[in-house]
Amino acid sequence: MSENPPSAQEQPFDPWMVERLLNEPAMARDDDEQALAILFAALRAPALPEELLRQRDYLEAFAATQTLRTDPIPTRRNKMLALLMAKTTVAAAALVAVAGTGAAAYTGSLPDGLQNVAHHVVGAPAVDHTQAPNSHANPRATDKTATPSATGTPKASHSSNGVGPAYGLCTAYRKGGLATTSTKYRELAKAAGGADRISAVCADVPHPGNRQGTAKPSDRPAGKPSDKPTGKPSDHPTGKPSDLSTGKPTALPTH
Amino acid sequence: MTELGDGFPAVLAAASAGDPQAFAQLWRSSHPILIRYLKVLCGDAAEDIASETWLKAMAALNTFDGNEQGFRGWLIVIARNHARDLSRRAARRPESLSPDLSDHAKVTAPDAADEALERSGTASALRLVATLPGAQAEMVMLRVVVGLDVADVARIVGRSPGAVRVAVHRGLRTLATQLRGPAISPTAVHVTQTAGPALNGRDV
(Lines give C-alpha, C1' and ligand atoms only; values in the text may rest on other atoms or scores of the structure.)
Protein backbone atom coordinates (compact mmCIF):
# COMPACT_ATOMS: atom_id res chain seq x y z
CA MET A 1 0.00 0.00 0.00
CA SER A 2 1.56 3.31 -1.11
CA GLU A 3 1.43 6.43 1.00
CA ASN A 4 0.35 9.78 -0.34
CA PRO A 5 3.16 12.31 -0.84
CA PRO A 6 3.49 14.78 2.03
CA SER A 7 1.30 17.84 1.71
CA ALA A 8 2.79 21.27 1.31
CA GLN A 9 2.28 21.98 4.99
CA GLU A 10 4.23 18.86 5.90
CA GLN A 11 7.32 19.83 3.93
CA PRO A 12 10.45 20.25 6.07
CA PHE A 13 10.50 23.68 7.63
CA ASP A 14 13.27 25.86 6.22
CA PRO A 15 13.56 29.14 8.09
CA TRP A 16 16.01 30.54 5.53
CA MET A 17 14.02 29.74 2.42
CA VAL A 18 12.73 33.27 1.91
CA GLU A 19 16.16 34.82 2.22
CA ARG A 20 17.67 32.20 -0.05
CA LEU A 21 15.07 32.69 -2.77
CA LEU A 22 15.21 36.47 -2.52
CA ASN A 23 18.98 36.63 -2.67
CA GLU A 24 19.75 33.72 -4.94
CA PRO A 25 16.65 32.63 -6.87
CA ALA A 26 18.73 30.45 -9.14
CA MET A 27 19.64 28.30 -6.14
CA ALA A 28 16.11 26.89 -5.82
CA ARG A 29 16.37 23.38 -4.45
CA ASP A 30 13.28 21.87 -6.04
CA ASP A 31 10.32 22.66 -8.28
CA ASP A 32 8.37 24.26 -5.45
CA GLU A 33 11.17 26.66 -4.72
CA GLN A 34 11.64 27.38 -8.39
CA ALA A 35 7.95 28.28 -8.69
CA LEU A 36 8.24 30.48 -5.61
CA ALA A 37 11.31 32.20 -7.01
CA ILE A 38 9.28 33.14 -10.08
CA LEU A 39 6.44 34.31 -7.90
CA PHE A 40 8.84 36.44 -5.85
CA ALA A 41 10.22 38.02 -9.01
CA ALA A 42 6.71 39.00 -10.12
CA LEU A 43 5.81 40.37 -6.69
CA ARG A 44 9.03 42.38 -6.50
CA ALA A 45 9.09 43.55 -10.11
CA PRO A 46 10.19 47.15 -10.69
CA ALA A 47 7.50 49.77 -10.34
CA LEU A 48 4.97 49.61 -13.13
CA PRO A 49 4.01 52.84 -14.91
CA GLU A 50 0.47 52.36 -13.67
CA GLU A 51 1.67 52.39 -10.10
CA LEU A 52 3.35 55.75 -10.58
CA LEU A 53 0.53 57.47 -12.43
CA ARG A 54 -0.45 59.66 -9.52
CA GLN A 55 2.97 61.02 -8.73
CA ARG A 56 1.92 64.55 -9.63
CA ASP A 57 -1.05 64.38 -7.24
CA TYR A 58 1.20 63.28 -4.42
CA LEU A 59 3.74 66.00 -5.16
CA GLU A 60 1.00 68.62 -5.08
CA ALA A 61 -0.18 67.25 -1.76
CA PHE A 62 3.40 67.37 -0.49
CA ALA A 63 3.73 71.01 -1.55
CA ALA A 64 0.48 71.82 0.25
CA THR A 65 1.73 70.09 3.37
CA GLN A 66 4.87 72.18 3.33
CA THR A 67 2.81 75.35 3.06
CA LEU A 68 0.74 74.36 6.07
CA ARG A 69 3.85 73.45 8.02
CA THR A 70 5.17 76.97 7.70
CA ASP A 71 1.82 78.44 8.67
CA PRO A 72 0.94 76.69 11.90
CA ILE A 73 -2.14 78.65 12.86
CA PRO A 74 -4.24 77.56 9.87
CA THR A 75 -3.01 74.01 10.45
CA ARG A 76 -4.17 74.13 14.00
CA ARG A 77 -7.42 75.65 12.87
CA ASN A 78 -8.05 72.96 10.29
CA LYS A 79 -7.41 70.23 12.83
CA MET A 80 -9.70 71.96 15.22
CA LEU A 81 -12.47 72.24 12.68
CA ALA A 82 -12.13 68.63 11.73
CA LEU A 83 -12.10 67.32 15.24
CA LEU A 84 -14.62 69.43 17.02
CA MET A 85 -18.23 69.83 16.06
CA ALA A 86 -19.73 71.99 18.79
CA LYS A 87 -21.35 75.10 17.38
CA THR A 88 -19.62 77.41 19.78
CA THR A 89 -16.30 75.98 18.85
CA VAL A 90 -16.96 76.41 15.18
CA ALA A 91 -18.06 79.95 15.85
CA ALA A 92 -14.85 80.64 17.70
CA ALA A 93 -12.86 79.08 14.91
CA ALA A 94 -14.69 81.16 12.35
CA LEU A 95 -14.00 84.28 14.32
CA VAL A 96 -10.34 83.38 14.60
CA ALA A 97 -10.38 82.77 10.88
CA VAL A 98 -11.87 86.17 10.20
CA ALA A 99 -9.14 87.73 12.26
CA GLY A 100 -6.74 86.35 9.70
CA THR A 101 -3.72 85.84 11.86
CA GLY A 102 -5.54 84.69 14.91
CA ALA A 103 -4.33 87.81 16.64
CA ALA A 104 -7.78 88.59 17.95
CA ALA A 105 -7.87 85.41 19.98
CA TYR A 106 -4.30 85.60 21.06
CA THR A 107 -4.55 89.17 22.23
CA GLY A 108 -7.65 88.35 24.19
CA SER A 109 -9.98 90.58 22.24
CA LEU A 110 -12.74 88.08 21.57
CA PRO A 111 -16.00 88.24 23.51
CA ASP A 112 -15.56 86.38 26.77
CA GLY A 113 -17.46 83.24 25.82
CA LEU A 114 -15.62 82.77 22.57
CA GLN A 115 -12.34 83.78 24.13
CA ASN A 116 -12.73 80.97 26.61
CA VAL A 117 -13.46 78.50 23.84
CA ALA A 118 -10.48 79.77 21.89
CA HIS A 119 -8.41 79.41 25.04
CA HIS A 120 -9.32 75.75 25.39
CA VAL A 121 -9.12 74.92 21.70
CA VAL A 122 -6.26 76.86 20.26
CA GLY A 123 -4.39 77.82 23.38
CA ALA A 124 -5.24 81.50 23.25
CA PRO A 125 -5.10 83.38 26.56
CA ALA A 126 -8.05 82.95 28.85
CA VAL A 127 -10.33 85.81 29.67
CA ASP A 128 -8.57 88.12 32.05
CA HIS A 129 -11.13 89.04 34.67
CA THR A 130 -8.76 91.47 36.30
CA GLN A 131 -9.29 93.84 33.40
CA ALA A 132 -12.46 95.58 32.44
CA PRO A 133 -14.45 92.91 30.60
CA ASN A 134 -15.54 95.13 27.76
CA SER A 135 -15.62 98.64 26.57
CA HIS A 136 -19.12 99.27 27.86
CA ALA A 137 -18.04 98.73 31.42
CA ASN A 138 -14.88 100.71 31.04
CA PRO A 139 -15.50 104.37 31.65
CA ARG A 140 -12.22 105.31 30.12
CA ALA A 141 -12.91 103.53 26.90
CA THR A 142 -16.36 104.98 26.51
CA ASP A 143 -15.30 108.44 27.36
CA LYS A 144 -15.70 110.45 24.21
CA THR A 145 -13.06 112.76 25.47
CA ALA A 146 -10.56 109.95 25.44
CA THR A 147 -7.15 111.30 25.06
CA PRO A 148 -5.17 110.86 21.91
CA SER A 149 -1.61 110.02 22.60
CA ALA A 150 1.27 112.20 21.77
CA THR A 151 1.88 110.19 18.66
CA GLY A 152 -1.63 110.68 17.44
CA THR A 153 -2.49 107.06 17.94
CA PRO A 154 -5.89 106.50 19.49
CA LYS A 155 -5.60 104.77 22.81
CA ALA A 156 -5.62 101.07 22.43
CA SER A 157 -8.76 99.78 23.97
CA HIS A 158 -9.91 96.35 24.97
CA SER A 159 -12.78 96.78 22.62
CA SER A 160 -14.80 94.58 20.38
CA ASN A 161 -13.22 95.34 17.07
CA GLY A 162 -10.52 92.75 17.73
CA VAL A 163 -7.74 94.84 16.26
CA GLY A 164 -6.79 97.30 18.93
CA PRO A 165 -4.81 94.98 21.19
CA ALA A 166 -3.02 93.42 18.25
CA TYR A 167 -2.22 96.83 16.88
CA GLY A 168 -1.00 97.93 20.25
CA LEU A 169 1.25 94.91 20.63
CA CYS A 170 2.60 95.41 17.15
CA THR A 171 3.25 99.08 17.78
CA ALA A 172 5.06 98.21 20.96
CA TYR A 173 7.05 95.60 19.09
CA ARG A 174 7.97 98.01 16.30
CA LYS A 175 9.12 100.61 18.75
CA GLY A 176 11.22 98.18 20.69
CA GLY A 177 8.99 98.40 23.71
CA LEU A 178 8.29 94.70 23.93
CA ALA A 179 10.96 92.74 25.75
CA THR A 180 11.59 89.35 24.20
CA THR A 181 11.26 87.81 27.62
CA SER A 182 7.82 89.26 28.24
CA THR A 183 4.59 87.32 28.16
CA LYS A 184 3.14 89.70 25.62
CA TYR A 185 6.06 89.13 23.30
CA ARG A 186 5.59 85.38 23.53
CA GLU A 187 1.88 85.76 22.84
CA LEU A 188 2.61 87.90 19.83
CA ALA A 189 5.19 85.44 18.55
CA LYS A 190 2.77 82.57 19.09
CA ALA A 191 -0.02 84.38 17.29
CA ALA A 192 2.29 85.23 14.41
CA GLY A 193 3.48 81.65 14.07
CA GLY A 194 7.00 82.36 15.18
CA ALA A 195 9.17 85.25 16.29
CA ASP A 196 10.58 85.65 12.82
CA ARG A 197 7.11 86.26 11.42
CA ILE A 198 6.09 88.98 13.82
CA SER A 199 7.16 91.77 11.49
CA ALA A 200 5.25 90.31 8.56
CA VAL A 201 2.11 89.69 10.57
CA CYS A 202 2.20 93.11 12.22
CA ALA A 203 2.45 94.70 8.82
CA ASP A 204 -1.01 93.32 8.06
CA VAL A 205 -2.65 94.38 11.30
CA PRO A 206 -4.69 97.43 10.40
CA HIS A 207 -4.78 100.62 12.36
CA PRO A 208 -7.88 100.48 14.54
CA GLY A 209 -9.06 103.72 13.04
CA ASN A 210 -8.99 102.25 9.55
CA ARG A 211 -11.53 99.52 10.15
CA GLN A 212 -14.54 101.06 8.55
CA GLY A 213 -17.91 99.96 9.71
CA THR A 214 -16.69 98.18 12.77
CA ALA A 215 -15.49 100.95 14.99
CA LYS A 216 -17.93 102.39 17.41
CA PRO A 217 -17.95 106.02 18.35
CA SER A 218 -16.63 105.06 21.71
CA ASP A 219 -13.63 103.42 20.15
CA ARG A 220 -12.31 106.63 18.75
CA PRO A 221 -11.69 109.98 20.21
CA ALA A 222 -14.10 112.61 19.05
CA GLY A 223 -11.48 115.18 18.35
CA LYS A 224 -8.65 115.23 15.90
CA PRO A 225 -5.23 115.21 17.35
CA SER A 226 -3.87 118.65 16.92
CA ASP A 227 -0.32 119.32 16.02
CA LYS A 228 -0.01 121.52 18.99
CA PRO A 229 -1.86 120.33 22.03
CA THR A 230 -3.60 123.17 23.71
CA GLY A 231 -3.40 121.71 27.12
CA LYS A 232 -0.41 121.40 29.29
CA PRO A 233 1.23 118.03 29.42
CA SER A 234 0.24 116.32 32.55
CA ASP A 235 2.94 114.97 34.76
CA HIS A 236 0.63 112.33 36.10
CA PRO A 237 -1.70 110.57 33.72
CA THR A 238 -5.10 110.14 35.18
CA GLY A 239 -5.59 106.66 33.83
CA LYS A 240 -3.55 103.61 34.46
CA PRO A 241 -1.29 103.09 31.48
CA SER A 242 -2.33 100.08 29.49
CA ASP A 243 0.18 97.34 28.77
CA LEU A 244 -0.86 97.51 25.20
CA SER A 245 -0.70 101.20 24.52
CA THR A 246 2.49 102.87 23.53
CA GLY A 247 2.23 106.44 24.52
CA LYS A 248 1.27 108.35 27.58
CA PRO A 249 -1.70 110.63 27.34
CA THR A 250 -0.24 114.07 27.32
CA ALA A 251 -2.99 116.46 26.43
CA LEU A 252 -6.69 116.81 26.23
CA PRO A 253 -8.16 116.98 22.77
CA THR A 254 -9.67 120.16 21.55
CA HIS A 255 -13.20 120.10 20.24
CA MET B 1 12.05 47.19 -6.57
CA THR B 2 14.01 50.39 -6.68
CA GLU B 3 15.96 51.05 -3.53
CA LEU B 4 17.66 54.25 -2.57
CA GLY B 5 20.25 52.34 -0.57
CA ASP B 6 23.09 54.47 0.75
CA GLY B 7 21.41 57.58 -0.62
CA PHE B 8 18.37 57.12 1.60
CA PRO B 9 19.48 59.28 4.57
CA ALA B 10 20.25 62.25 2.34
CA VAL B 11 17.01 61.88 0.41
CA LEU B 12 15.02 61.59 3.62
CA ALA B 13 16.70 64.65 5.09
CA ALA B 14 16.02 66.70 1.98
CA ALA B 15 12.41 65.56 1.79
CA SER B 16 11.93 66.37 5.47
CA ALA B 17 13.22 69.85 4.73
CA GLY B 18 10.58 70.24 2.02
CA ASP B 19 12.48 69.35 -1.15
CA PRO B 20 9.88 68.08 -3.63
CA GLN B 21 12.44 66.24 -5.77
CA ALA B 22 13.64 64.30 -2.76
CA PHE B 23 10.09 63.50 -1.80
CA ALA B 24 9.45 62.27 -5.34
CA GLN B 25 12.39 59.88 -4.96
CA LEU B 26 11.05 58.61 -1.66
CA TRP B 27 7.59 58.19 -3.12
CA ARG B 28 8.75 56.38 -6.25
CA SER B 29 10.81 53.92 -4.26
CA SER B 30 8.17 53.14 -1.65
CA HIS B 31 4.75 53.69 -3.18
CA PRO B 32 4.73 50.59 -5.43
CA ILE B 33 5.56 48.44 -2.41
CA LEU B 34 2.87 50.09 -0.32
CA ILE B 35 0.23 49.79 -3.03
CA ARG B 36 1.02 46.12 -3.64
CA TYR B 37 0.76 45.34 0.03
CA LEU B 38 -2.55 47.19 0.25
CA LYS B 39 -3.97 45.53 -2.87
CA VAL B 40 -3.50 42.14 -1.28
CA LEU B 41 -5.02 43.25 2.00
CA CYS B 42 -7.72 45.69 0.92
CA GLY B 43 -8.35 45.18 -2.79
CA ASP B 44 -9.54 48.28 -4.62
CA ALA B 45 -9.58 50.33 -1.44
CA ALA B 46 -5.78 50.28 -1.70
CA GLU B 47 -5.44 53.61 -3.51
CA ASP B 48 -7.57 55.47 -0.99
CA ILE B 49 -5.72 54.00 1.95
CA ALA B 50 -2.38 54.72 0.29
CA SER B 51 -3.41 58.35 -0.15
CA GLU B 52 -4.29 58.69 3.51
CA THR B 53 -1.08 56.94 4.46
CA TRP B 54 1.08 59.32 2.46
CA LEU B 55 -0.75 62.38 3.75
CA LYS B 56 -0.02 61.30 7.29
CA ALA B 57 3.55 60.43 6.39
CA MET B 58 4.10 63.82 4.75
CA ALA B 59 2.91 65.60 7.86
CA ALA B 60 5.16 63.55 10.11
CA LEU B 61 8.13 63.06 7.79
CA ASN B 62 10.50 65.06 9.95
CA THR B 63 9.70 62.86 12.93
CA PHE B 64 10.89 59.67 11.24
CA ASP B 65 14.36 58.47 12.11
CA GLY B 66 15.63 55.23 10.60
CA ASN B 67 16.83 53.45 7.52
CA GLU B 68 15.05 52.63 4.27
CA GLN B 69 13.57 49.36 5.53
CA GLY B 70 12.46 51.15 8.65
CA PHE B 71 10.79 53.82 6.54
CA ARG B 72 8.83 51.23 4.61
CA GLY B 73 7.85 49.54 7.82
CA TRP B 74 6.73 52.92 9.14
CA LEU B 75 4.53 53.47 6.10
CA ILE B 76 3.08 50.00 6.50
CA VAL B 77 2.19 50.65 10.12
CA ILE B 78 0.41 53.89 9.16
CA ALA B 79 -1.45 52.13 6.36
CA ARG B 80 -2.34 49.18 8.54
CA ASN B 81 -3.75 51.40 11.27
CA HIS B 82 -5.79 53.38 8.78
CA ALA B 83 -7.14 50.22 7.13
CA ARG B 84 -8.09 48.87 10.52
CA ASP B 85 -9.88 52.10 11.42
CA LEU B 86 -11.82 51.98 8.16
CA SER B 87 -12.76 48.41 8.75
CA ARG B 88 -14.00 49.15 12.26
CA ARG B 89 -15.95 52.15 11.04
CA ALA B 90 -17.57 50.10 8.31
CA ALA B 91 -18.47 47.39 10.80
CA ARG B 92 -20.17 49.95 13.06
CA ARG B 93 -22.45 51.17 10.27
CA PRO B 94 -25.60 49.04 10.51
CA GLU B 95 -26.79 50.15 7.10
CA SER B 96 -23.56 49.06 5.49
CA LEU B 97 -23.95 46.21 3.08
CA SER B 98 -20.22 45.65 2.89
CA PRO B 99 -18.63 45.91 6.29
CA ASP B 100 -15.52 44.18 5.08
CA LEU B 101 -12.97 46.11 3.09
CA SER B 102 -12.45 43.28 0.68
CA ASP B 103 -16.20 43.17 0.05
CA HIS B 104 -16.09 46.88 -0.63
CA ALA B 105 -13.30 46.27 -3.09
CA LYS B 106 -15.41 43.78 -5.02
CA VAL B 107 -18.15 46.28 -5.79
CA THR B 108 -15.77 49.07 -6.78
CA ALA B 109 -15.33 49.51 -10.50
CA PRO B 110 -11.73 49.14 -11.59
CA ASP B 111 -10.07 52.23 -13.00
CA ALA B 112 -7.74 52.43 -15.97
CA ALA B 113 -4.65 51.96 -13.84
CA ASP B 114 -6.06 48.82 -12.31
CA GLU B 115 -6.94 47.43 -15.69
CA ALA B 116 -3.44 48.11 -16.94
CA LEU B 117 -2.00 46.51 -13.85
CA GLU B 118 -4.20 43.48 -14.41
CA ARG B 119 -2.32 42.77 -17.61
CA SER B 120 0.96 42.39 -15.76
CA GLY B 121 2.28 39.35 -14.03
CA THR B 122 2.63 41.35 -10.86
CA ALA B 123 -1.14 41.75 -10.61
CA SER B 124 -1.70 38.04 -11.05
CA ALA B 125 0.95 37.27 -8.45
CA LEU B 126 -0.73 39.66 -6.02
CA ARG B 127 -4.08 38.06 -6.59
CA LEU B 128 -2.58 34.65 -5.97
CA VAL B 129 -1.14 35.79 -2.63
CA ALA B 130 -4.52 37.30 -1.78
CA THR B 131 -6.06 33.81 -1.90
CA LEU B 132 -4.15 32.92 1.27
CA PRO B 133 -5.73 33.39 4.68
CA GLY B 134 -5.44 37.06 5.62
CA ALA B 135 -2.69 36.77 8.22
CA GLN B 136 -0.56 34.52 6.03
CA ALA B 137 -1.02 36.77 3.01
CA GLU B 138 0.02 39.81 5.00
CA MET B 139 3.09 38.17 6.44
CA VAL B 140 4.18 36.86 3.05
CA MET B 141 3.83 40.35 1.60
CA LEU B 142 5.77 41.92 4.47
CA ARG B 143 8.59 39.41 4.12
CA VAL B 144 8.79 39.12 0.36
CA VAL B 145 7.61 42.47 -1.05
CA VAL B 146 8.27 44.97 1.71
CA GLY B 147 11.46 43.09 2.55
CA LEU B 148 11.16 43.22 6.32
CA ASP B 149 12.93 40.70 8.49
CA VAL B 150 11.08 38.31 10.76
CA ALA B 151 11.52 40.46 13.84
CA ASP B 152 10.05 43.53 12.15
CA VAL B 153 7.14 41.57 10.75
CA ALA B 154 6.48 40.11 14.19
CA ARG B 155 6.41 43.59 15.69
CA ILE B 156 4.00 44.90 13.08
CA VAL B 157 1.51 42.04 13.17
CA GLY B 158 1.80 41.48 16.92
CA ARG B 159 2.91 37.85 16.73
CA SER B 160 6.02 36.05 17.90
CA PRO B 161 8.91 35.63 15.46
CA GLY B 162 8.37 31.89 15.55
CA ALA B 163 4.72 32.28 14.62
CA VAL B 164 5.70 34.54 11.73
CA ARG B 165 8.21 32.01 10.39
CA VAL B 166 5.66 29.23 10.51
CA ALA B 167 2.89 31.30 8.91
CA VAL B 168 5.14 32.47 6.08
CA HIS B 169 6.38 28.95 5.51
CA ARG B 170 2.85 27.59 5.32
CA GLY B 171 1.71 30.38 3.05
CA LEU B 172 4.58 29.87 0.65
CA ARG B 173 4.08 26.12 0.55
CA THR B 174 0.43 26.66 -0.29
CA LEU B 175 1.36 29.08 -3.05
CA ALA B 176 3.92 26.64 -4.42
CA THR B 177 1.32 23.91 -4.51
CA GLN B 178 -1.10 26.17 -6.36
CA LEU B 179 1.54 27.26 -8.81
CA ARG B 180 2.45 23.66 -9.59
CA GLY B 181 -1.12 22.44 -9.66
CA PRO B 182 -2.93 21.11 -12.72
CA ALA B 183 -4.28 24.49 -13.74
CA ILE B 184 -0.83 25.79 -14.57
CA SER B 185 1.82 23.86 -16.36
CA PRO B 186 5.57 24.07 -15.71
CA THR B 187 5.86 25.47 -19.24
CA ALA B 188 3.50 28.29 -18.41
CA VAL B 189 5.52 29.04 -15.31
CA HIS B 190 8.69 29.09 -17.35
CA VAL B 191 7.13 31.47 -19.89
CA THR B 192 6.13 33.84 -17.15
CA GLN B 193 9.67 33.81 -15.88
CA THR B 194 11.06 35.00 -19.17
CA ALA B 195 8.28 37.10 -20.60
CA GLY B 196 7.19 38.94 -17.52
CA PRO B 197 3.37 38.59 -17.56
CA ALA B 198 3.51 35.91 -14.91
CA LEU B 199 0.70 33.61 -13.97
CA ASN B 200 -1.67 35.01 -16.55
CA GLY B 201 -2.78 31.55 -17.47
CA ARG B 202 -4.10 30.92 -14.01
CA ASP B 203 -7.42 32.12 -12.85
CA VAL B 204 -6.94 32.87 -9.19
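When reading the values below, keep in mind they use all heavy atoms of this one structure, side chains included, and skip hydrogens, waters and symmetry mates. Every value quoted in this text rests on a predicted model; they were computed, and no experiment measured them. Below, chain A is the first sequence line, B the second, and so on; all start at residue 1.
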Look up atom NE2 in B/H31 and atom CD in A/Q55, then write down how far apart they are to the nearest 0.5 Å.
10.0 Å
Is it the side chain or the backbone of A/A61 that comes within 4.5 Å of chain B heavy atoms, both, or neither?
both
Using every non-hydrogen atom in the two residues, find where B/G121 and A/A42 come nearest and quote the distance to one decimal.
O-CB, 4.0 Å
Are the side chains of A/R54 and B/S51 in contact, using a 4.5 Å heavy-atom criterion?
yes
Heavy-atom contact with chain A under 4.5 Å, split by part of B/V129:
side chain
Ignoring hydrogens and geometry, is there a side-chain-to-backbone donor-acceptor pair from B/R143 to A/V18 under 3.5 Å?
no
For the student: nearest non-hydrogen atoms of B/G147 and A/R44, plus distance:
CA-NH1, 4.5 Å
On a heavy-atom basis, which atom in B/L179 and which in A/A35 lie closest, and how many Å separate them?
CD1-O, 3.5 Å
Taking side-chain contact (heavy atoms from CB on, under 4.5 Å) as the criterion, tell me which of A/L36, A/L22, A/L39 meets it with B/V144.
A/L22
Distance (rounded to the nearest 0.5 Å) between A/D57 CG and B/E47 CD:
9.5 Å
Is the CD atom of A/E19 crowded by more than 12 outside heavy atoms at less than 6.0 Å?
yes
Counting only heavy atoms not in B/D6, do more than 12 sit closer than 6.0 Å to its CG atom?
no
Roughly how far, to the nearest 0.5 Å, is OG1 of B/T122 from CD of A/E50?
9.5 Å
A/Y58 side, atom OH; B/F23 side, atom CZ - distance, nearest 0.5 Å
8.5 Å
Can you find a pair of side-chain heavy atoms, one from A/F40 and one from B/L172, that are under 4.5 Å apart?
yes
Given 3.5 Å as the limit, does a donor-acceptor pair link the side chain of A/T65 with the main chain of B/A59, or not?
no
Counting heavy atoms not belonging to B/R159, are there more than 12 under 6.0 Å from its CZ?
no
Determine whether more than 12 heavy atoms belonging to other residues, nucleotides or ligands lie under 6.0 Å from atom CG of B/D65.
no
Taking only Lys NZ, Arg NE, NH1 and NH2, and the carboxylate oxygens of Asp or Glu, determine whether B/K39 and A/E51 approach each other closer than 4.0 Å.
no
Spatial distance of atom CH2 (B/W27) from atom CG (A/L52) [nearest 0.5 Å]:
5.0 Å
What is the distance from atom CG of A/L43 to atom CD1 of B/I33, rounded to the nearest 0.5 Å?
11.5 Å
Between B/V150 and chain A, with a heavy-atom cut-off of 4.5 Å, which part of the residue counts as in contact: side chain, backbone, both or neither?
neither
